[in-house]
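Protein chains get the first letters and strands the later ones, always in sequence-line order, with residue 1 at the start of each.
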Number of protein chains: 2
Amino acid sequence: MKIEEIAKLSGFSKSTVSRVISNNGYVSKETKEKILKIIEEVNYIPNGIARSLSSNKSNTVAVIIPDIQNSYFGDIIKGISNIMDKNNLHMLVYSTDENIKKEKKVFQNVIEQRPSGIILSISLQYHKKKDIKVLLDSGIPFVLFDRQIFDETFTGVFFDDIKGGYLATEALINSGHENIAIITGPFSTTNGLNRLEGYKKAMLEKNKKISEENIYEGNFHFDSGYENTKKILEKNKKTTAIFICNNEMTLGALQAIREKNLKIPDDIAIVSYDNHKYFEILGINISAINRDIEETGMEIAKLLLEEMKNSSRSKKIVIVSPTLILRNSEKLVKIKD
Amino acid sequence: MKIEEIAKLSGFSKSTVSRVISNNGYVSKETKEKILKIIEEVNYIPNGIARSLSSNKSNTVAVIIPDIQNSYFGDIIKGISNIMDKNNLHMLVYSTDENIKKEKKVFQNVIEQRPSGIILSISLQYHKKKDIKVLLDSGIPFVLFDRQIFDETFTGVFFDDIKGGYLATEALINSGHENIAIITGPFSTTNGLNRLEGYKKAMLEKNKKISEENIYEGNFHFDSGYENTKKILEKNKKTTAIFICNNEMTLGALQAIREKNLKIPDDIAIVSYDNHKYFEILGINISAINRDIEETGMEIAKLLLEEMKNSSRSKKIVIVSPTLILRNSEKLVKIKD
DNA sequence: ATGAAAGCGCTAACAC
DNA sequence: GTGTTAGCGCTTTCAT
């Protein structure tokens, strides 16, 4: 079934039918109704591919994320999807699996589809401008989120990770901790570095000693939270608190702590970056830096829509400020000697 | 940049360049290399939309799910994405938000995009064949998953929910429980009905009395697990165990149980449908019916690829058998009088 | 092994 | 208001 048949059936030309379908251009009310009725009757559904090619608008948005399975990105996608739906945009989803090589191939695939816009959260490896050259060259509007590129600033939505790191550390300091360990994110990411910077800033401001051996570089994955926490608990006897820089690693830390039969905060205090809805539901009291993720997804989508409207690369940055939720896991209960 | 420019630069015709890009048809080795080199040099990326229109193959697969945010569907998508990647297929993702009205609109949008295949998990409302008529009429190969249509069988991957319901109930009976409540899924779904059927089957076989007041119709959402559990704990004093028919409702149940300061299994035994990775990690011991979800996602994708290859509607059904993981939450500790 | 030409299903000037 | 016509950027016969 194509537009030509509708034209024949209705007695009008292809263009008139096209105008009805696209709902633009001059068509008399009666004509419109007549054509609409026929479309309804024969269950005609226009070919979006042909429309895209002809109009040079794909009405499609590509979302590129590092890991579909991660509930954080699930929530982001939910927010994006919500806005895209309302704007009749289709959503292509790609996962790079935190792999910069796969990411490169994904970029190529994405451009082939000629989406009207691109949303991208880069993989955890160190990224410079040249790593997204294909996207830049394509001229397609895009917005970054969460993770930043080192040598240039692009339109995007990011979190104030320095503030988050600061708040978490400050909470521990205010509870009386002196010897605070941190399990960071990878130093190849702005997020990893900024949260650490927040930690250092808080320690300095409050006149606490920053000791290199209290800094453990993690990689944002479960195992790294588990292993580093074990190390801390075994080697660093004076440590009374740990600031863990994301939720996956916190889950790993919880496992390590449980295996050692330690209690939070009695034996070890912690603050986590990123709240997890299950913490609350399951009655696990972990103080955490909190971000409204679905809402952020909506922000990201809106920013992209703006870029698409102006077909620009505005380099506009939206910074989302995290907050701290206290649930007593940060308390200092006994001082180790 | 289009194919014509590559043709000019290389001195060959559009057709030859096209053959190189599609890697099909006769092209001499030297010609191919020459053209490939030029494509590389000028960073030419073919227009997938034009290719789709011309070749009548979109290389795109649409995945329609009820709720993107639900980690169950996140895991499924991960599995699907894995297989689609390997087959160079793009993935369009649509969420119907468990809303049959939105679902209808989504179907329309999906067909417009002329995907090469469709993967669909219907929303929780009662579905008959007519509700997916648009898809059927389109002629596009599709596979259903998890949730079935009442009046006809279509190609798909489903779980043996009767067996799952049976295993869960049997575990409780074997632990010595007599008075077992069940919080079911909605009766508008095969899943809800089948899990209940499994429950009844186990009760009958083991000569336990099935009492209507032990059957609570839930809706698979958190609140319904919470509310129904509260009801059970308050009204049904003789109940020593609850079989909760999905993981979201189990989270709700856990909250209700915690609010009443009851212990599992000391005060109330439970078995949950669907394991949750966080149960284990967070040290929450809940016996549960387990399914390998990401693996299932891969099965689904493979089944669709088969359908696409044969461009058929085979009505082939794959049934995935769930298993039971026991973690002591099913134990009978004290008998109520 | 390569090229010429028609056409995929639609949109968008432009003409009337 | 409506129709005519020329593409959109490719693929795919059919020649040669």
Side-chain angles (χ1 to χ4, degrees), chain A residues 1-36 38-39 42-60 88 90 108-109 111-116 138-140, chain B residues 1-36 38-39 42-60 88 90 108-109 111-116 138-140:
Chain A
M1 176 82 47
K2 39 192 186 179
I3 215 172
E4 206 179 338
E5 303 193 40
I6 306 297
K8 269 187 192 142
L9 287 170
S10 66
F12 292 95
S13 71
K14 281 176 18 177
S15 356
T16 303
V17 178
S18 171
R19 285 186 191 106
V20 171
I21 290 167
S22 315
N23 201 21
N24 85 35
Y26 297 101
V27 188
S28 81
K29 212 170 179 178
E30 304 96 67
T31 309
K32 190 170 174 178
E33 277 166 10
K34 239 184 241 169
I35 293 178
L36 245 22
I38 293 175
I39 287 177
V42 301
N43 290 317
Y44 166 71
I45 299 179
N47 183 323
I49 296 174
R51 298 183 74 181
S52 296
L53 182 61
S54 181
S55 66
N56 198 24
K57 281 185 298 182
S58 66
N59 289 324
T60 288
N88 280 310
H90 300 263
Q108 197 88 7
N109 291 338
I111 302 299
E112 263 196 53
Q113 290 305 107
R114 302 290 193 270
S116 302
S138 75
I140 299 169
Chain B
M1 177 83 46
K2 40 193 183 179
I3 215 172
E4 206 178 335
E5 302 194 40
I6 306 296
K8 269 187 193 143
L9 287 170
S10 66
F12 292 94
S13 71
K14 280 174 24 176
S15 348
T16 303
V17 177
S18 171
R19 285 186 191 102
V20 171
I21 290 168
S22 314
N23 201 22
N24 87 33
Y26 298 100
V27 187
S28 80
K29 212 171 178 177
E30 304 95 68
T31 309
K32 190 170 173 177
E33 278 166 8
K34 236 183 245 169
I35 293 178
L36 244 24
I38 293 174
I39 288 177
V42 301
N43 290 317
Y44 166 69
I45 299 178
N47 183 322
I49 295 173
R51 299 184 73 182
S52 296
L53 182 62
S54 180
S55 66
N56 199 25
K57 281 185 299 184
S58 67
N59 289 324
T60 289
N88 280 309
H90 300 262
Q108 198 86 7
N109 291 338
I111 302 298
E112 263 196 51
Q113 290 306 105
R114 302 289 194 271
S116 302
S138 74
I140 299 169

Which heavy atom of A:V27 sits nearest a heavy atom of A:K32, and at what distance?
CG1-N, 3.9 Å
Counting the atoms with a prime plus P, OP1 and OP2 as sugar-phosphate, which does B:S22 contact under 4.0 Å by heavy atoms, base, sugar-phosphate, or nothing?
sugar-phosphate
Return the nearest nucleotide to the side chain of A:I3; candidates are C:dC10, D:dC10, C:dT2.
C:dC10
Within this structure, what is the CG-to-C1' distance between A:N24 and C:dC10, rounded to whole angstrom?
13 Å
Quickly work out the A:E5 CD to C:dC10 P distance and round it to whole Å.
10 Å
Please report the distance, rounded to the nearest Å, between CD in B:E4 and P in D:dG9.
9 Å
Closest heavy-atom pair, B:S138 versus B:I111, reported as atoms and distance to 0.1 Å, is CB-CD1, 3.5 Å
N/O donor-acceptor pair, side chain A:S54 with base D:dG7, under 3.5 angstrom
yes
Send over the distance from B:K14 NZ to C:dA5 C1', rounded to a whole Å.
9 Å
Contact class for A:S28 (heavy atom, under 4.0 Å): base, sugar-phosphate, or nothing?
sugar-phosphate
Is the phosphate of C:dG3, meaning OP1 or OP2, less than 4.0 Å from a side-chain N or O of B:S13?
yes
On a plain distance test, is the side chain of B:T31 in donor-acceptor contact with the base of C:dT2 below 3.5 Å?
no
In Å and rounded to the nearest 0.5 Å, what is the CG to CD1 distance from B:N47 to B:I21?
10.5 Å
Closest nucleotide of DNA chain C for B:Y26 versus for B:N56: which of these residues is on the 5' side?
B:Y26
For A:A50 versus B:L53, what's the shortest heavy-atom pair and its separation?
CB-CD1, 3.7 Å
Could you give the CZ-to-C1' distance, from A:R114 to D:dC8, as a whole number of Å?
12 Å
Sugar-phosphate only, base, or nothing, as touched by B:S18 at under 4.0 Å among non-hydrogen atoms:
base
Shortest non-hydrogen separation from A:I45 to B:E112 and the atoms involved
CG2-CG, 3.5 Å
In whole angstrom, what separates B:N47's CG from D:dT11's C1'?
13 Å
Please report, rounded to the nearest Å, how far the P atom of D:dT11 is from the NZ atom of B:K2.
14 Å
Does a side-chain N or O of B:S15 approach OP1 or OP2 of C:dT2 to a distance below 4.0 Å, or not?
no
Separation of A:L53 atom CG from D:dT11 atom P, in whole Å?
12 Å
Of the listed nucleotides C:dA12, D:dC10, C:dG3, the one nearest the side chain of B:P46
D:dC10
